[in-house]
S.K.: 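Quick one: the structure is below, questions incoming.
In what follows, chains carry the letters A, B, and so on, assigned in the order in which the sequence lines appear, proteins first and then strands, with residues in each chain numbered from 1. No experiment lies behind these values; they were computed from the predicted model shown.
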There are 2 protein chains.
Amino acid sequence: MRSPCQQLRETPLPASGKAAGDSSFDHLAKNGEDIPKPVIYRLSIYLRCLTQLRDEGRQTLSSEALAEYAGVKSTQLRKDLAYFGQFGTRGLGYNVTQLTTIVGRVLGTKKSRSVVLIGVGNLGLALLSYQGFRREGFHISAAFDLVPQKPRNKFITQPVFPMSFVSHYIQSNRIRIAILCTPPGAAQDTAALLIRHGITGILNFAPTVLQVPDHVTVNNVDLAIELENLSYFIQKKTFTESVR
Amino acid sequence: MRSPCQQLRETPLPASGKAAGDSSFDHLAKNGEDIPKPVIYRLSIYLRCLTQLRDEGRQTLSSEALAEYAGVKSTQLRKDLAYFGQFGTRGLGYNVTQLTTIVGRVLGTKKSRSVVLIGVGNLGLALLSYQGFRREGFHISAAFDLVPQKPRNKFITQPVFPMSFVSHYIQSNRIRIAILCTPPGAAQDTAALLIRHGITGILNFAPTVLQVPDHVTVNNVDLAIELENLSYFIQKKTFTESVR
DNA sequence: TCGTGTGAAGACGTTCACAGCT
DNA sequence: AGCTGTGAACGTCTTCACACGA
C-alpha cells in the first residue's frame with residue numbers, strides 16, 4: 001500500500017526528530033501537509049546547488065550561504081526544509097552530504113525514470129540529446145513522430161517510432177511521463193491519446209492549453225510566452241527608471 | 001519622456017472609461033498600479049486564444065468561454081482585464097477583435113523585437129529555428145558561439161558569429177534581450193558580459209542561478225527542473241489516489 | 001435574464017522576529 | 001555568539017458574492 005514511498009524508508013533519517021506521518025505520500029512532509037508547488041521547484045534548485053557543493057568537497061553549509069547560492073532568502077530556505085523535518089545543527093549549519101541525500105529523496109530522484117518524447121521536430125530533436133535530463137536522473141527512452149523516417153541530419157541514440165507504436169510502447173514499458181513537442185494543432189489530440197494509454201504527466205512544449213482529466217498533471221513550457229514576459233518587464237523597468 | 005508608451009496612445013481605446021494615469025509605464029493600468037507577474041503571463045495566454053478565435057471568425061465572447069479556453073476561472077479573467085480598464089458589454093461579453101487589440105497593446109506586441117542567442121549547441125540550434133517566437137513578434141537576429149564554425153548539419157537563416165563580436169553587435173543594434181543557451185559553467189560569465197554591453201533581459205536556459213544587478217530581468221527556463229517537478233507531482237497524485 | 005465589473009473575504013506564500021539549541 | 005526552527009504578521013493573488021448595466 002505504501003509502495004511508492006518505500007525507497008524513502010530504507011535508511012532512517014537521523015536528524016528528523018518529528019518522524020513522518022504515515023497516511024499519505026506526504027509522510028515525507030512532517031504532517032499530512034500538502035507541499036506548495038513553488039517549494040518543490042526551489043527544492044530542485046537547492047538539490048543542484050548541494051550536489052555541486054558536495055562534489056567540490058564542501059562539508060558544512062549555513063542556510064545563509066546556500067540561500068545566496070540558490071538566489072533566495074535564507075528564511076525561505078529554512079521554511080522550505082521545515083516541511084520535511086529538521087536537518088540542521090544550530091550554530092553550525094547543515095551537513096552537505098546529508099542534506100543532499102535528503103532533498104534528493106524527497107524529490108524521488110533515486111531511480112532514473114524513463115520518459116517518451118512525441119514530435120521529433122527541431123525542438124524535439126534537441127531535447128532528445130539534452131544532457132540536463134540525464135544529470136537529473138531522467139532519460140528519454142524512445143521518440144515518436146508521424147514521419148519517423150524524415151531526414152534529421154543528427155545522431156541521436158534513441159529510436160524514433162511511428163505514432164502507431166506509441167500506445168503499445170507506453171503500456172508495455174509502463175511509461176508515465178511524456179514530453180510533448182508536436183505542432184500546436186496536434187497537441188490536444190495527441191495528449192488525449194497518451195492519457196488513454198497510461199500517461200499521467202505531460203511536459204508540454206506546444207503552445208496550446210491542454211484540457212486533461214484531473215488525474216493527469218501538465219507542466220507547460222511556453223517559450224514564446226517567456227520571451228513576451230521578459231519583454232514586458234524590461235520595458236516597464238526601463239520606463240520606471242527613466243522617470244526617477 | 002514617455003516614449004516607450006507612445007505606441008499605446010496611437011488609437012484611443014473607446015471602451016476604456018477610466019482612462020489611464022500618466023505618471024508611469026503602468027498608465028496601461030487604470031491606476032499607477034503594479035501588474036502582478038502571473039497576470040502578465042495569463043495575458044499572453046489570453047492573447048493567443050483570442051488571436052485564434054478571431055482568425056476563426058468569432059465575433060463575440062463571454063469571459064466564461066474565453067476562460068475555459070485558456071484554462072482559468074472566469075472571475076480571474078475578468079479581474080485580470082480589470083487592471084487595464086473595462087472592455088466588455090454586460091449581458092453580452094467581449095468583442096473579440098477589440099479585446100485582441102487591447103491585450104496585444106498591453107503586452108507591447110506591436111513592433112517585432114530583435115533578440116540574440118548565445119550558445120549554439122543542440123538547444124540553441126533548435127531555438128534558432130523555433131517558429132513560435134516569430135508568431136509572437138520576436139525574431140532572433142544573430143547567434144554567437146565560442147566555435148561559430150562547428151559543423152551543425154542544419155539550415156538556419158541567422159548568422160553565427162564568434163563570441164568576440166557580441167559586444168559590438170548588441171551595442172550597435174541596441175539589442176536588449178538575449179537568449180542564453182551556454183553550458184552551465186559558462187552561463188554566469190557570459191551573462192555578466194552581456195549585461196556590461198547593454199542587455200537588460202535574459203531568457204536563461206542554462207541550469208544555473210544567475211546573479212545579476214537589479215536593472216536586469218532574468219526568466220529561467222529549466223527543463224530538467226520542470227521534469228523533476230512533474231515527476232514529483234504525479235508520484236504524489238498516484239499515491240494519494242491509491243489511498244482513497 | 002445574462003454577463004461584466006468589483007469590493008470583500010479567503011487562501012496561499014513569504015518575511016519577520018525571536019526562541020532555543022550547540 | 002552563531003545559526004537553526006517556527007509562530008505570527010504581512011503581503012499577494014484568487015475566489016466569492018453580488019451590484020449593476022445591456
S.K.: Figure out the CZ/C1' separation between B/Arg90 and D/dG21, and round it to whole Å.
M.R.: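 The answer, rounded to whole Å, is 5 Å.
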S.K.: Specify the separation, in whole Å, of atom CD1 of B/Ile40 and atom P of D/dC13.
M.R.: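 It is 11 Å, rounded to the nearest whole Å.
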S.K.: Could you tell me whether the side chain of B/Asn95 and the main chain of B/Thr60 form a donor-acceptor pair under 3.5 Å?
M.R.: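 Checked: no pair found.
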S.K.: Mind calculating the distance between CZ (B/Phe87) and C1' (C/dT6) to the nearest angstrom?
M.R.: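 That distance rounds to 15 Å.
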S.K.: From B/Ser62 OG over to B/Tyr94 OH, what is the distance, rounded to the nearest 0.5 angstrom?
M.R.: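 Reported to 0.5 Å precision, the distance equals 9.0 Å.
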S.K.: Over how many whole Å does the gap from A/Leu92 atom CG to D/dA1 atom C1' extend?
M.R.: 13 Å
S.K.: Provide, to the nearest angstrom, the distance between the CG atom belonging to B/Leu81 and the C1' atom belonging to C/dG3.
M.R.: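 After rounding, the gap between these two atoms is 13 Å.
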S.K.: Does B/Glu64, at its CD atom, have more than 12 non-hydrogen atoms belonging to other residues, nucleotides or ligands within less than 6.0 Å?
M.R.: no
S.K.: Between D/dC3, C/dT6, C/dT4, which nucleotide has the shortest distance from any of its atoms to the side chain of A/Ser62?
M.R.: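 Selected nucleotide (nearest to the side chain): D/dC3.
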S.K.: What is the per-nucleotide protein-contact pattern of nucleotides 13-18 of chain C, from the 5' end, where B denotes a base atom under 4.0 Å from a protein heavy atom, S denotes such proximity for sugar-phosphate atoms only, and - denotes neither?
M.R.: SSBBB-
S.K.: Take atom CD of B/Gln86 and atom C1' of D/dC20, then tell me their distance rounded to the nearest Å.
M.R.: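 Rounding to the nearest Å, CD of B/Gln86 and C1' of D/dC20 are 11 Å apart.
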S.K.: Would the number of heavy atoms belonging to other residues, nucleotides or ligands and lying under 6.0 Å from CG of A/Asp214 be above 12?
M.R.: no
S.K.: Measuring from B/Glu136:CD to B/Leu107:CG, what's the distance to the nearest 0.5 Å?
M.R.: 9.0 Å
S.K.: Tell me whether the OP1 or OP2 atom of D/dT4 has a side-chain N or O from A/Ser63 closer than 4.0 Å.
M.R.: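 For D/dT4, OP1 or OP2 has a side-chain N or O of A/Ser63 closer than 4.0 Å.
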S.K.: Between D/dC3 atom P and A/Leu66 atom CG, what is the distance in whole Å?
M.R.: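 In whole Å, D/dC3 P and A/Leu66 CG are 14 Å from each other.
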S.K.: Is a side-chain N or O of B/Thr51 found less than 3.5 angstrom from the main chain of B/Leu47, in a donor-acceptor match?
M.R.: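 Pair found, side chain donor or acceptor close to backbone of B/Leu47.
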S.K.: Output the rounded distance in Å from CG (B/Leu99) to C1' (C/dG3).
M.R.: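 B/Leu99 atom CG is separated from C/dG3 atom C1' by 14 Å.
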